[in-house]
Novice: 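One structure follows; several queries about it will come next.
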Amino acid sequence: MYSCGTTVYNYAHIGNLRTFTFNDTLRRWLRYRGFVLNHVMNITDVEDKIIRKSMELGIPMSEYTLKYEKFFLEDMDTMRMEKPEKIVRATEHIHEMVELIETLQTKGFTYDSDGSVYYRISKFPGYGKLSHHDFSGIQAGARVDNDEYDKDDARDFVLWKARKGEEPAWDAPFGVGRPGWHIECSAMAMKYLGDTLDIHTGGVDLAFPHHENEIAQSEGASGKPFARFWVHCEHLHVDMQKMSKSLGNIFTLRDLVELGHTPEALRFVLMSVPYRKKLNFTLESMQGAQTSIDRLRNYKLRIETAKLAAGTNEDVTKLAAEALAKFEASMDDDLNTAEALAAVFEFVRETNSLLDQEQFLEGNRAAALDLLARFDTVFDILGVRVAAGGIEDSAVEALITERTAAKKAKQFQRSDEIRKQLLDAGIVLEDTKDGVRWKRK
RNA sequence: GGCGCGGUAGCCAAGUGGUAAGGCAGAGGUCUGCAAAACCUUUAUGCACCGGUUCGACUCCGGUUCGCGCCUCCA
């Protein structure tokens, strides 16, 4: 599997993060179903914006890109995304790109213009198939180009850009310069995954022209189908509109954390809408997501700690089996995460009621926990990360013991004091009929 | 203009020829020394509008309307 990664010229925004969370969901579900993955994701670390910004700052391009690559990988980690088996940088595969361009030259798919090399789209009949673009009405050379490039056809795209000024460049048989964006993915995908990949993913906006161009390059060179499946993640919108600088509605993970939201809440929001649908992001939905996560975590805690009567309630066994079946069927159905989530919530509500009625028995505990564990294999939102330097579990337990004693002696002032002290340390107490339960906020 | 997506309760949102999942918010309740937390119940005679097909349509067909995206870099 190959995924178009990010261009490291700035912090990733939540739209980028949606696509990578989708990659992660797909990864995890394939693994859940027993597939062994070889997942490659690229990092674009040479490109117009990067060159311009690093030159403005007067620093080497790699210094600039490494900084944002680091932030990006940190964000992936914070969002609990699994790392692809390989993460590859464009600048470390210039040789492969040059070779691919040479192959295309030999096969007559290219032409030179002012030291740059272009792909001649009219040589590739299937162009436009993936994105349903019909170019039959466009005549070669009909469009009046701007001055920047001298192309024979508006559709043609650059494979190798001739060096301009002091920008970073590499030697190649066709002149000093740097690779075009599209050739990066073709070269790296084929190097690690062969001529034909099983799955190629990316954001919808990449379908045209990026993926269309990848197909033209790879299939032009190899003569074989490039990808068996193309899977595109729809965009995330903010308040019904695409994020853009002019609208000022771009959020990064760091922005949300500063507003007091958790990364898990974002993960939940991103996963609550199937990848193929547009997702309308609102800050209100972040709040709702957190409440939902807390509810699931409370349920898990309840199942783990409740005092249960011996025996097994077959109705619960049946409910758990049905919930798991629905969860798996939903995920199998083109990763319908919304339905999968619904299956779990339904089970939680039903079994919470049974717990209230003491109909949930000791023998049912394992099945419920197994469902949650399987759910969390994919969703990964139940585990709480303990902040470094936080209060130790044993200290919490000791204070709770003291508080319980104080309560028994009706020293409510002291018990409330302890409750407050723990709350300040991020520990929430819950008095239940089975005793005191606590959790980290 | 070309191609495509979508309009489902206050909000987010699944579904799809057989009579509306789920979450959040709201309302009511249970528990409790008080709280907090938690839990439960409840919330769309109707799925943008009009017409058609059908025993039956939110779901199919035709039309209308509104919103959005791609067609240049973009996850």
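By convention in this document, chain letters (A, B, ...) are assigned in the order of the sequence lines, proteins followed by strands, and residues within each chain are numbered from 1.
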Novice: Could you go over nucleotides 28-35 of chain B and give all protein N or O partners under 3.5 Å, atom names and distances?
Specialist:
| from | atom 1 | to | atom 2 | distance (Å) |
| --- | --- | --- | --- | --- |
| B:G33 | O6 | A:Ser415 | OG | 3.4 |
| B:G33 | N1 | A:Asp416 | OD1 | 3.2 |
| B:G33 | N2 | A:Asp416 | OD2 | 3.3 |
| B:C34 | N3 | A:Arg419 | NH2 | 3.4 |
| B:C34 | N4 | A:Arg419 | NH1 | 3.2 |
| B:A35 | N6 | A:Asp431 | OD2 | 2.7 |
| B:A35 | N1 | A:Arg419 | NH1 | 2.6 |
| B:A35 | N3 | A:Arg419 | NH1 | 2.7 |
| B:A35 | N3 | A:Arg419 | NH2 | 3.0 |

Novice: Please give me every residue in residues 257-280 of chain A whose heavy atoms get under 4.0 Å of an atom in RNA chain B, ordered by residue number.
Specialist: A:Val273, A:Pro274, A:Lys277, A:Lys278, A:Asn280

Novice: Please list residues of residues 342-358 of chain A whose heavy atoms come under 4.0 Å from any atom in RNA chain B, ordered by number; otherwise none.
Specialist: A:Ala342, A:Phe345, A:Glu346, A:Arg349, A:Asn352, A:Ser353, A:Asp356

Novice: Taking all atoms of both residues into account, what is the closest heavy-atom pair of A:Asp156 and A:Ile121, and its distance?
Specialist: OD1-N, 2.8 Å

Novice: For B:G26, give its Watson-Crick or G-U wobble partner with both distances under 3.5 Å, or none.
Specialist: B:U42

Novice: Would you mind reading off the distance between A:His237 atom NE2 and B:G7 atom P, rounded to a whole angstrom?
Specialist: 14 Å

Novice: Could you check which of B:A14, B:A37, B:C73 has an atom nearest any side-chain atom of A:Glu339?
Specialist: B:A14

Novice: Figure out the CD1/C1' separation between A:Ile50 and B:C73, and round it to whole Å.
Specialist: 13 Å

Novice: Can you list every pair that meets salt bridge (Lys or Arg N to Asp or Glu O under 4.0 Å) and has a residue in residues 117-130 of chain A, with sequence neighbours left out?
Specialist: A:Arg120-A:Asp152

Novice: Can you pull out the residues from residues 11-20 of chain A that lie within a 4.0 Å heavy-atom distance of RNA chain B?
Specialist: A:His13, A:Gly15, A:Asn16, A:Thr19

Novice: Using Watson-Crick or G-U wobble geometry with both distances below 3.5 Å, tell me the partner of B:C5, or none.
Specialist: B:G67

Novice: Taking the basic N atoms (NZ, or NE/NH1/NH2) and the acidic carboxylate oxygens, is any pair closer than 4.0 Å for A:Glu430 and A:Arg437?
Specialist: yes

Novice: Near RNA chain B, which residues from residues 293-304 of chain A have a heavy atom under 4.0 Å away?
Specialist: A:Arg295, A:Asn298, A:Arg302

